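Numbers restart at 1 for each chain; the letters A, B, ... are given by sequence-line order, proteins then strands. Quantities reported herein were computed from a predicted structural model and do not represent experimental measurements.
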Number of protein chains: 2
Amino acid sequence: MLNYSGRLDSVYAALSDGSRRAMVDRLSRGPASVKELAEPLTMSLPAVLQHLRVLEESGLVRSQKVGRVRTCRLEPAALQQAEQWLADRRALWADRLDRLEEFLDSSSSELDSSSSEGDQP
Amino acid sequence: MLNYSGRLDSVYAALSDGSRRAMVDRLSRGPASVKELAEPLTMSLPAVLQHLRVLEESGLVRSQKVGRVRTCRLEPAALQQAEQWLADRRALWADRLDRLEEFLDSSSSELDSSSSEGDQP
């Protein structure tokens with residue numbers, strides 16, 4: 001089992017390829033067979049299966065074979081974990097900007113009040 | 001210049017390493033020198049610079065050298081693009097679930113009404 005950081009490593013690595021993102025995009029619209037996943041991609045079936053393996057190992061996708069058809073599904077938990085990590089960093093960054101803005105506002109009002117005090121006779 | 005897909009490739013690849021995520025996390029709290037970025041990481045300075053290069057090439061980070069100090073800053077646009085891609089796929093997935101739920105609700109009410117019609121004498 002991968003720990004939290006190892007899981008993020010493999011989810012982001014899985015997403016760093018346009019063909020794998022196209023497969024995730026397709027599966028976010030609903031389950032699909034390997035054949036359906038392969039159709040829009042200009043690559044051999046073994047190449048598709050290799051990409052599918054990377055997606056499954058990352059936990060983004062799971063597949064099940066019934067008879068001759070392997071059906072693939074998105075695992076939204078892994079997708080959400082990757083999104084949450086990014087959202088948390090963006091929140092930290094936005095929070096820092098807010099505090100910077102507050103600081104600049106308060107500095108500028110202090111400056112205004114000290115300059116208007118200076119204007120008084 | 002990287003296109004949208006190439007940019008996503010390199011942003012996700014940059015995020016697929018725990019040390020680089022630690023650097024992004026640090027920079028989401030404010031700019032930092034290379035020395036400050038390296039401090040919590042147990043690796044050589046050349047290794048830190050190599051990771052920094054990957055982050056800069058992905059567009060997640062930019063750095064500027066003034067005198068002897070190189071200061072690194074987060075580039076929130078790249079972070080946001082990577083987050084948005086994930087958010088869009090999650091929305092597609094959630095939308096599909098909603099439609100599935102609506103379908104099941106309507107099928108079950110049709111079933112209820114046809115079964116209560118059947119109950120009538």
Side-chain angles (χ1 to χ4, degrees), chain A residues 2-32 41 51 54-55 57-61 72-100 103, chain B residues 2-32 41 51 54-55 57-61 72-100 103:
Chain A
L2 290 171
N3 60 11
Y4 173 69
S5 181
R7 167 62 61 96
L8 279 181
D9 283 7
S10 62
V11 167
Y12 287 130
L15 292 172
S16 70
D17 177 275
S19 301
R20 288 196 294 266
R21 284 199 304 280
M23 292 164 81
V24 169
D25 181 72
R26 169 61 190 81
L27 294 176
S28 68
R29 297 157 206 268
L41 303 170
H51 282 310
V54 174
L55 288 169
E57 283 173 357
S58 76
L60 278 166
V61 169
C72 308
R73 286 166 211 282
L74 196 66
E75 280 287 308
L79 204 69
Q80 198 177 355
Q81 212 171 39
E83 185 189 348
Q84 193 59 52
W85 190 90
L86 288 161
D88 290 347
R89 266 73 227 166
R90 189 174 42 81
L92 283 169
W93 192 85
D95 183 52
R96 185 184 153 267
L97 270 204
D98 287 347
R99 281 182 291 120
L100 194 63
F103 172 77
Chain B
L2 291 170
N3 61 10
Y4 172 70
S5 182
R7 168 59 63 94
L8 279 181
D9 283 6
S10 63
V11 167
Y12 287 130
L15 292 172
S16 71
D17 177 276
S19 302
R20 288 196 294 266
R21 284 199 303 280
M23 292 164 82
V24 169
D25 181 73
R26 169 62 189 83
L27 295 175
S28 67
R29 296 157 206 270
L41 303 170
H51 282 308
V54 175
L55 287 169
E57 282 173 358
S58 76
L60 279 166
V61 169
C72 308
R73 286 164 212 282
L74 195 67
E75 281 286 308
L79 206 68
Q80 199 178 353
Q81 212 171 40
E83 186 188 346
Q84 193 60 51
W85 190 90
L86 288 162
D88 289 347
R89 267 73 226 166
R90 189 173 44 80
L92 284 170
W93 192 85
D95 184 51
R96 186 186 150 265
L97 271 202
D98 286 348
R99 281 183 290 120
L100 195 61
F103 172 77

Legend entry - Portion of B:L27 that has a non-hydrogen atom of chain A nearer than 4.5 angstrom: backbone
Legend entry - B:L15 side chain near A:L15 side chain, heavy-atom distance below 4.5 Å: no
Legend entry - Pairing residues for B:Y4 by the side-chain contact (heavy atoms from CB on, under 4.5 Å) criterion, not counting sequence neighbours: B:L8, B:Q81, B:W85
Legend entry - A:D88 side, atom CG; B:E83 side, atom CD - distance, nearest 0.5 Å: 9.0 Å
Inset, instruction - Would you give the length of the straight line joining atom CG of B:L74 to atom CZ of A:R90, rounded to the nearest 0.5 angstrom? - result: 11.5 Å
Inset, instruction - Would you list the pairs meeting salt bridge (charged side-chain N to carboxylate O under 4.0 Å, His left out) in which at least one residue belongs to residues 18-28 of chain B, sequence neighbours left out? - result: A:D9-B:R21, A:R89-B:D25, B:D25-B:R29
Inset, instruction - State, to 0.1 Å, how close B:G18 and A:S5 come at their nearest heavy-atom pair, and which atoms those are. - result: CA-OG, 4.3 Å
Inset, instruction - Considering non-hydrogen atoms only, spot the tightest contact between A:S16 and B:A13 and give its length. - result: CB-N, 3.5 Å
Legend entry - Leading residue by heavy atom contact count with chain A [cutoff under 4.5 Å; candidates B:A87, B:S10, B:A82]: B:A87
